[in-house]
Amino acid sequence: MPTTTVAVLFGGRSSEHEISCVTAGGIMDVVDRGEYLVVPIGITRDGAFTLQPDDPAQWTIQDGVLPTVPDNGTRIAFPTSPATNELVVSHPDGTVSMIEVDVVFPILHGPFGEDGTIQGMLEIAGLPYVGDGVLASALAMDKHVAKAVLEHAGLRVAPWSTVLRRQWAADPDGVAGAVAAHGWPLFVKPARAGSSMGVSRVDDPSQLAAAMDLAFGHDSKVIVEPRVVGREVEVAVLEGRDGVPRTSLPGEIVVPDEGFYDFASKYLGGDESLLCPAPLTAAQTDEIRSIGARAFEAIGGAGLARVDCFLTEDGFVVNEVNTMPGFTPLSMYPRCWAASGVSYGELVTELIELGRAAVR
């Protein structure tokens with residue numbers, strides 16, 4: 001008989017809506033039903049909070065088609081006071097019901113979910129939740145701010161330039177000249193998006209404008225970085241019960257020489273391969289695990305994060321910290337932990353329990 005009610009919060013308004021749905025389906029599929037009662041709360045693309053079926057099959061990729069949250073007419077209202085843990089459900093027929101929730105598992109990627117906004121709502125409501133808090137989420141989501149914080153903590157980060165939309169609109173030639181100083185190729189990224197959304201490789205100046213326009217379609221702030229030549233190695237971090245971060249064996253992304261690990265490769269299949277554990281020396285493995293823990297502590301992490309690095313001829317360079325990494329069964333984060341002896345189901349249980357006990 002389940003003793004804990006877990007609200008799984010997924011979908012959302014960001015461009016990563018569908019992947020959030022797939023992640024939620026993976027969690028619903030492996031969660032310990034003897035311990036946890038699942039309340040699936042899907043957020044539509046328009047931002048409506050709805051009560052959805054507890055059916056993992058509905059939230060899988062089928063024939064290459066990604067799932068989305070349909071608006072079924074229900075509406076969920078969160079508590080307006082920490083004095084209660086009841087969600088109010090309004091049904092299409094006009095009836096209203098209440099659901100008591102013990103912990104919220106926000107599986108939301110990108111803006112309006114991974115950036116501290118949902119975390120702030122849950123803090124105000126007084127509901128325990130899984131994952132990083134407001135500051136860590138917001139900080140890591142902004143690649144410019146995250147790089148500055150990590151660099152201050154003594155970690156190597158890739159060189160970068162930050163460009164605001166107004167700067168690009170006012171002087172595109174001047175911006176182009178400034179970023180060209182990094183050398184070619186360049187990578188152009190929205191500063192506050194994930195899953196490689198809006199990311200382009202730019203091999204020469206003629207491609208820059210299109211790449212900037214694509215990135216600005218996702219954010220008003222863009223990061224421009226030179227290509228870092230090295231292996232793409234990632235480590236999964238899990239908060240320790242004693243507060244000391246736990247780190248997984250690292251994994252490696254292998255992509256074609258002239259490609260990069262884009263959205264389609266991550267979720268729809270591509271030429272990449274994920275190696276877990278990564279073929280590293282013992283010293284390299286120890287180093288990246290230490291870097292992962294240091295990065296997690298630098299942002300004030302809680303719950304989980306994935307720390308992405310490049311292994312160059314001169315050592316490791318931190319690329320970014322992801323506070324709600326891809327969490328589908330095929331994603332790097334759970335695969336790293338599986339290689340370290342922690343199954344997908346065990347990982348879900350541990351995160352739920354960490355969320356219930358979290359003091360951020």
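Side chains included, hydrogens not; waters and symmetry mates left out as well; all remaining heavy atoms used.
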Where is the tightest heavy-atom contact between [X] and [Y], given as atom of each residue plus distance?
X: L351; Y: V130; answer: O-CG2, 3.5 Å
X: T23; Y: T328; answer: OG1-CG2, 3.6 Å
X: P190; Y: G198; answer: CD-O, 3.4 Å

Should the heavy atoms of other residues, nucleotides or ligands under 6.0 Å from CG of D63 be counted, would the total exceed 12?
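Atom CG in D63 is not crowded, with 12 or fewer foreign heavy atoms closer than 6.0 Å.
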For the pair E353 and R356, find out whether any cationic side-chain nitrogen is under 4.0 Å from an anionic carboxylate oxygen.
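Counted as a salt bridge, because a side-chain N and a carboxylate O are separated by less than 4.0 Å.
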Using a strict cut-off of less than 4.0 Å between a Lys/Arg side-chain nitrogen and an Asp/Glu carboxylate oxygen, indicate whether R45 and E18 qualify as a salt bridge.
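Between E18 and R45 there is a salt bridge, with a charged N closer than 4.0 Å to a carboxylate O.
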Does any N or O in the side chain of [X] come within less than 3.5 Å of the main-chain N or O of [Y], such that one atom is a donor and the other an acceptor?
X: R33; Y: M28; value: yes
X: H17; Y: G12; value: yes
X: D219; Y: R192; value: yes
X: N319; Y: C309; value: no

Considering residues at least two apart in sequence or located in another chain, which fulfil the side chain to side chain donor-acceptor pair (under 3.5 Å) criterion with [X]?
X: R156; answer: none
X: S90; answer: none
X: T84; answer: none
X: H144; answer: W160, T162

Test ring-ring contact (aromatic ring centres under 6.0 Å, His included) applied to F49 and F112, F10, F78, the passing residue:
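Checked F112, F10, F78 against F49; only one passes ring-ring contact (aromatic ring centres under 6.0 Å, His included): F78.
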For the pair Y344 and F327, name the ring-plane relationship: parallel under 30°, tilted 30 to 60°, perpendicular over 60°.
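Ring orientation, 0 to 90° scale: tilted.
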Would you please name every residue forming a salt bridge (Lys or Arg N to Asp or Glu O under 4.0 Å) with R231, sequence neighbours left out?
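Once residues adjacent in sequence are excluded, the partners of R231 under the salt bridge (Lys or Arg N to Asp or Glu O under 4.0 Å) criterion are E252.
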With sequence neighbours left out, what residues match E225 under salt bridge (Lys or Arg N to Asp or Glu O under 4.0 Å)?
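For E225, the residues satisfying salt bridge (Lys or Arg N to Asp or Glu O under 4.0 Å) (neighbours in sequence not counted) are K147, K189.
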Under a 4.5 Å cut-off applied to non-hydrogen side-chain atoms, are L354 and L238 in contact?
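The answer is yes; the side chains approach within 4.5 Å.
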